[in-house]
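Working notes, structure below.
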Amino acid sequence: MDYLPIFLKLRDLPCLIVGGGEVAVRKLGLLLDAGAAVTVIAASAEAVIVELADRGLIRLRTKVFEATDSEGFRLIIAATDDRAVNAAVATAARRHGIPVNVVDCPDLCDFIFPAIIDRSPVLVAVSTGGASPVLARQLRTRIEACIPSRFGTLARLAADLRERVRQAIPEPRARRHFWERTLEGPAAELALQGRAEDAERVLLEAADAAARQERPAWGSVALVGAGPGDPDLLTLRALRLIQEADVIVYDRLVSAEILALARRDARRIYAGKERSRHSIPQDDINALLANLAAEGNRVVRLKGGDPFIFGRGGEEIETLMACGIPFQVVPGITAASGCAAYAGIPLTHRAHAHACVFVAGHLKDGTLQDLDWSQLVQPHQTVVVYMGLQGLPQICAELIRHGAPPSRPAALIQQGTTRDQKVLTATLETLPDKVADAGIKAPTLIIIGEVVGLRKKLAWYRSRQETEGRSGNG
Ligand code: SAH
């Protein structure tokens, strides 16, 4: 180890920054976050520094640095753009035995700044010992992604209730088990949602139950949107909940790559829906979720896209609400957003479309659902049809019959955002035949409107087929 990582308490302690430029401003921010009493010495200082001084939050001395200026400080940072001045600051600091950091000059530093992940009171510091600041920042980005943004709330909750839990569960081993379970359980989940009061109540109930050596009702359900296919499009919360789940109840549209993110010992239950072959009837799914949670499981109900867009999410939580089971809904990227982005077709555009409508185009007993065709044929909007592959010929025919120009651009996107994405572009008149000839596989999404023409300029994503050199479509 070239450096010892430590966390320094600087609250109200006198610290000095020499220099008044951008670098000084950044370091100043860090010292102020740590509550230090900062003095800045600079011949000239950025406006933010002057303003902080005017507000009395720091002390600013507008002067050239002299060796005697360093006396009495606990920490010094040299952040001027003049190497000679920086070296003089380092020499003076060392003479007084004060730890010094010289920006961009590791040889003169007594200490270095790590890349910081701040979930106060939880702090993670990353350092490469000066080897590569960029690498440190990249590592920080990865760590940022796996620590929920409200992790600090959880830590504060644990701190606040530590004593009460100690009294409730005096035996140390039982108490450790309690914390291990609790910090990954429903109380923690509530804290991470920012519901600190609910979290406290649930945690104390659990502590009481543990004291009585009962098993509390741990169960909960998260209705999670898995996005359109590409696992990178999961939200951070979706990823965390998938990794923590005891049981995952998933749909056909959820990709194998996403399921693979679950714990190895998590139960996986397939709930359908194949077109015209609903694997589990909706009522049974609703009941299944409630029962699994009542048994004490952390259940993730994983759905393609967004659970509240053609996903029956509303029906599923209605049952949970009626049963008093704790739940949350985690939005996902809906197929329209995912497919549009990966196909290079903006859903709105100042010149072409000022509105965007999502409709369900599935057939029931061979006929289309009632749709408001006169509204759907209006110009300057984009119509996105979910579940429209079987009904495509009827949909195009109805739009034309209700006055849409047969030449209106239309696209069909197969397995959008995945490596097997395929995009066919045509017009309302020609799309059905083009699709019939192309050997298309579900799921597919249809986008209708002028914006489809933008794909010529904006297509950026390359599917497996395209990268392997065969010609793309559309
Ligand atoms: N809740 C989902 C939609 C469920 S309905 C969402 O928000 O995306 C199922 C329909 O979604 C499919 O018939 C298809 O029209 C569309 N769909 C979902 N994923 C898709 C994908 N990767 N590519 C194209 N269409 C998709």
Side-chain angles (χ1 to χ4, degrees), residues 222-235 238 249-259 270-279 282 285 300-317 329-345 347 356-364 368-369 371 382-396 410-425 431-432 435 438-448 452 455 459 461 463-465 473-474:
L223 202 60
V224 176
D230 183 344
D232 280 3
L233 296 179
L234 281 178
T235 61
V249 182
Y250 66 99
D251 276 357
R252 177 179 58 93
L253 285 175
V254 175
S255 70
E257 283 159 294
I258 288 175
L259 277 178
Y270 176 64
K273 322 260 183 341
E274 223 88 22
R275 199 175 53 80
S276 63
R277 189 174 75 81
H278 284 206
S279 314
Q282 187 63 49
I285 296 177
V300 162
R301 170 70 172 119
L302 199 54
K303 290 173 160 290
D306 182 280
F308 276 6
I309 296 182
F310 304 126
R312 306 200 181 188
E315 296 168 42
E316 291 177 8
I317 65 174
V329 183
V330 182
I333 292 184
T334 189
S337 302
C339 294
Y342 280 52
I345 302 174
L347 291 175
C356 176
V357 190
F358 296 173
V359 297
H362 54 278
L363 303 176
K364 212 170 179 190
L368 273 178
Q369 311 273 90
L371 291 171
T382 305
V383 176
V384 180
V385 187
Y386 286 70
M387 300 170 278
L389 182 59
Q390 299 305 313
L392 179 65
Q394 280 122 300
I395 292 166
C396 291
L412 179 130
I413 298 138
Q414 162 195 296
Q415 296 175 323
T417 79
T418 71
R419 300 286 286 128
D420 296 317
Q421 171 171 300
K422 200 163 171 179
V423 183
L424 300 179
T425 55
L431 188 64
V435 168
I440 287 297
K441 289 198 247 12
T444 62
L445 192 83
I446 302 157
I447 302 182
I448 300 162
V452 169
R455 171 169 161 79
Y461 179 70
S463 66
R464 201 193 317 258
Q465 191 188 36
N473 293 278

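Residue numbers count from 1 along this sequence. Indexing begins at 1, ligand by ligand and atom by atom, following the structure's order.
For atom 17 (N) of ligand 1, the nearest non-hydrogen atom of the protein is A335 CB, 3.4 Å. The protein atom (non-hydrogen) at minimum distance from atom 25 (N) of ligand 1 is T444 C, 3.4 Å. Of the protein's heavy atoms, F310 O, 3.3 Å lies nearest to atom 4 (C) of ligand 1. Closest protein heavy atom to atom 11 (O) of ligand 1: Y386 CD2, 3.4 Å. Looking only at heavy atoms of the protein, atom 2 (C) of ligand 1 is closest to G304 O, 3.2 Å. Regarding atom 7 (O) of ligand 1, its nearest protein heavy-atom neighbour is T334 OG1, 2.6 Å. Closest protein heavy atom to atom 23 (N) of ligand 1: G416 N, 2.8 Å.
Residue contacts with ligand 1: Q414 is placed with no nitrogen or oxygen under 3.5 Å of a nitrogen or oxygen of the ligand (distance criterion only). Of the polar atoms of C339, none of the N or O atoms is found under 3.5 Å from an N or O of ligand 1, judged by distance alone.
Residue contact check for ligand 1: T417 places no non-hydrogen atom closer than 4.0 Å to it. Under a 4.0 angstrom heavy-atom cut-off, Q415 registers as being in contact with ligand 1.
Rounding to the nearest 0.5 angstrom, the gap separating the CG atom in L368 from the CG atom in L392 is 10.0 Å. Atom CD1 in I447 sits 11.0 Å away from atom OG1 in T425 (nearest 0.5 Å). We find the CE-CD1 distance between M387 and I446 to be 11.0 Å, quoted to the nearest 0.5 Å.
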Practice problem: Before giving the answer on side chain to side chain donor-acceptor pair (under 3.5 Å), spell out for Q282 and E316 the whole-Å C-alpha distance, their side-chain angles and the decisive distance to 0.1 Å. | Solution: CA-CA 8 Å; Q282 187 63 49; E316 291 177 8; 2.9 Å; yes

Practice problem: Determine, step by step, whether Q394 and L363 satisfy the side chain to side chain contact (heavy atoms under 4.5 Å, CB included) criterion, reporting the C-alpha distance in whole Å, the side-chain angles of both residues, the deciding distance to 0.1 Å, and the verdict. | Solution: CA-CA 10 Å; Q394 280 122 300; L363 303 176; 3.9 Å; yes

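Heavy-atom proximity to L253, at under 4.0 Å, picks out these atoms of ligand 1: 9 (C), 18 (C). Proximity to I413 (heavy-atom distance under 4.0 Å) selects the following atoms of ligand 1: 24 (C). In summary, the atoms of ligand 1 found under 4.0 Å from a heavy atom of I309, numbered by their order in the structure, are 1 (N), 2 (C), 3 (C), 6 (C), 7 (O).
Side chains of L253 and P443 form a contact here, defined as non-hydrogen atoms less than 4.5 Å apart. At a threshold of 4.5 Å between non-hydrogen side-chain atoms, the residues Q415 and K422 do not count as touching. Residues L412 and L389 meet the side-chain proximity criterion, which asks for heavy atoms closer than 4.5 Å.
Taking each of M387, Q390, Q421 in turn, the one with a heavy atom nearest to atom 10 (C) of ligand 1 proves to be M387. Closest heavy-atom approach to atom 22 (N) of ligand 1 within the set G225, A226, P228: this belongs to P228.
Comment: D230 does not engage R419 in a salt bridge, judged by the lack of any side-chain N to carboxylate O separation of less than 4.0 angstrom.
Checking side-chain atoms of Y386 against main-chain N and O of A336 turns up a donor-acceptor pair under 3.5 Å.
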